[in-house]
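Here is the structure we will look at.
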Amino acid sequence: GPWNRAVALNVAARAATATHLCAIDADTLFAHPGVLADLVAAIREDPTSLWLAECWDVRQREGVFRVGPPHGRQGMGGCAVLARGCLTDLRGWDEAYTHWGAEDADLAARVLRLGRAVRWWDSATATPLVWTWRNEGGPDPTATPDGAAAVAVNQARFRTSATLPVARNPKAWGGQP
């Protein structure tokens, strides 16, 4: 089947043993060593919220890397941390979303429907995360018919997601019942 980020995240979450889970995209990096300690401190302050961290874009032009501007507070921003129990109550990221797009916003909306908060973490030390553009100068992944169709289906599902149950993946999630 098509690539499915939600399935990958759910498989990892089900295999993990920590009380809190951190999902960070493969093209997103912690910008400095203090970021993780800052994020852990925020989680200890409010362990039931979904914590999101804003990314700064890093682009390469003519062999030179440049940082900025911030990617913006949308989706997950690049990093999401939540309690294992919360993710279990939601039955993970919704695996009906394929390819990419909207699974993060859907998860945040369902966290709110559970009565929990979604908070943006503000690093006390410096730029928290950097997002490296993997397609800079390359093909647009939505330019393929399959990619464009998947994004359209995901967006349509997200627009109606408030009518769906809060807990998703009724038969199995992360490869397990």
Query raised in the report: Counting N and O atoms only, with roles assigned by atom type, does the side chain of Arg110 sit under 3.5 Å from a partner on the main chain of Ala167, one being a donor and the other an acceptor?
Result: no
So, His20 side chain and Val81 main chain: donor-acceptor pair closer than 3.5 Å or not? no
| query | Do Leu52 and Leu87 share a hydrophobic cluster (ILVMFWY, side-chain heavy atoms under 4.5 Å, transitive)? | reply | yes
According to a hydrophobic-cluster definition based on side-chain heavy atoms being under 4.5 Å apart (Ile, Leu, Val, Met, Phe, Trp, Tyr only), do Trp51 and Val40 belong together? no
Quiz item: If you measure from the Lys or Arg side-chain nitrogens to the Asp or Glu carboxylate oxygens, is any gap between Arg119 and Glu45 under 4.0 Å?
Solution: yes
Is any side-chain N of the basic residue among Arg168 and Glu95 closer than 4.0 Å to the acidic one's carboxylate O?
-> no
Decide side chain to side chain contact (heavy atoms under 4.5 Å, CB included) for Ile24 and Phe30; before the verdict, give the C-alpha distance in whole Å, the side-chain angles of both, and the deciding distance to 0.1 Å.
CA-CA 9 Å; Ile24 186 167; Phe30 290 109; 4.1 Å; yes
Side chains of [X] and [Y]: closer than 4.5 Å at any heavy-atom pair?
{"X": "Ser49", "Y": "Val118", "answer": "no"}
{"X": "Arg116", "Y": "Cys86", "answer": "yes"}
{"X": "Leu107", "Y": "Glu103", "answer": "no"}

Quick check for you: to the nearest 0.5 Å, what is the distance between [X] atom [atom1] and [Y] atom [atom2]?
{"X": "Leu82", "Y": "Thr48", "atom1": "CG", "atom2": "OG1", "answer": "10.5 Å"}
{"X": "His99", "Y": "Asp146", "atom1": "NE2", "atom2": "CG", "answer": "5.5 Å"}
{"X": "Leu21", "Y": "Arg84", "atom1": "CG", "atom2": "CZ", "answer": "5.0 Å"}

Minimum-distance pair of heavy atoms, taken over all atoms of [X] and [Y]:
{"X": "Leu50", "Y": "Ala108", "answer": "CD2-CA, 3.8 Å"}
{"X": "Gly92", "Y": "Asn10", "answer": "CA-OD1, 3.3 Å"}
{"X": "Leu9", "Y": "Ala23", "answer": "CD2-CB, 3.8 Å"}
{"X": "Val111", "Y": "Ala117", "answer": "CG1-O, 3.8 Å"}
{"X": "Arg113", "Y": "Leu164", "answer": "NH2-O, 2.9 Å"}
{"X": "Ala96", "Y": "Asn169", "answer": "N-OD1, 4.4 Å"}

In short, side-chain hydrogen bond (donor to acceptor under 3.5 Å, both in side chains) pairs touching residues 154-163 with sequence neighbours left out are Asp94-Arg157
- Is there a side chain to side chain contact (heavy atoms under 4.5 Å, CB included) between Tyr97 and Asn4 once you walk through the steps? CA-CA 7 Å; Tyr97 292 101; Asn4 190 312; 5.8 Å; no
After noting the C-alpha distance and the side-chain angles of Trp93 and Asp106, does the key distance pass the side chain to side chain contact (heavy atoms under 4.5 Å, CB included) rule? CA-CA 8 Å; Trp93 277 265; Asp106 175 83; over 6 Å; no
Exercise. Kindly confirm or rule out a cation-pi arrangement of Arg14 over Trp173, judged by NZ or CZ under 6.0 Å from the six-membered ring centre and within 45° of its axis?
Key: yes
query: side chain to side chain contact (heavy atoms under 4.5 Å, CB included) between Asp38 and Trp121: does it pass, once the steps are laid out?
result: CA-CA 9 Å; Asp38 287 351; Trp121 167 65; 3.2 Å; yes
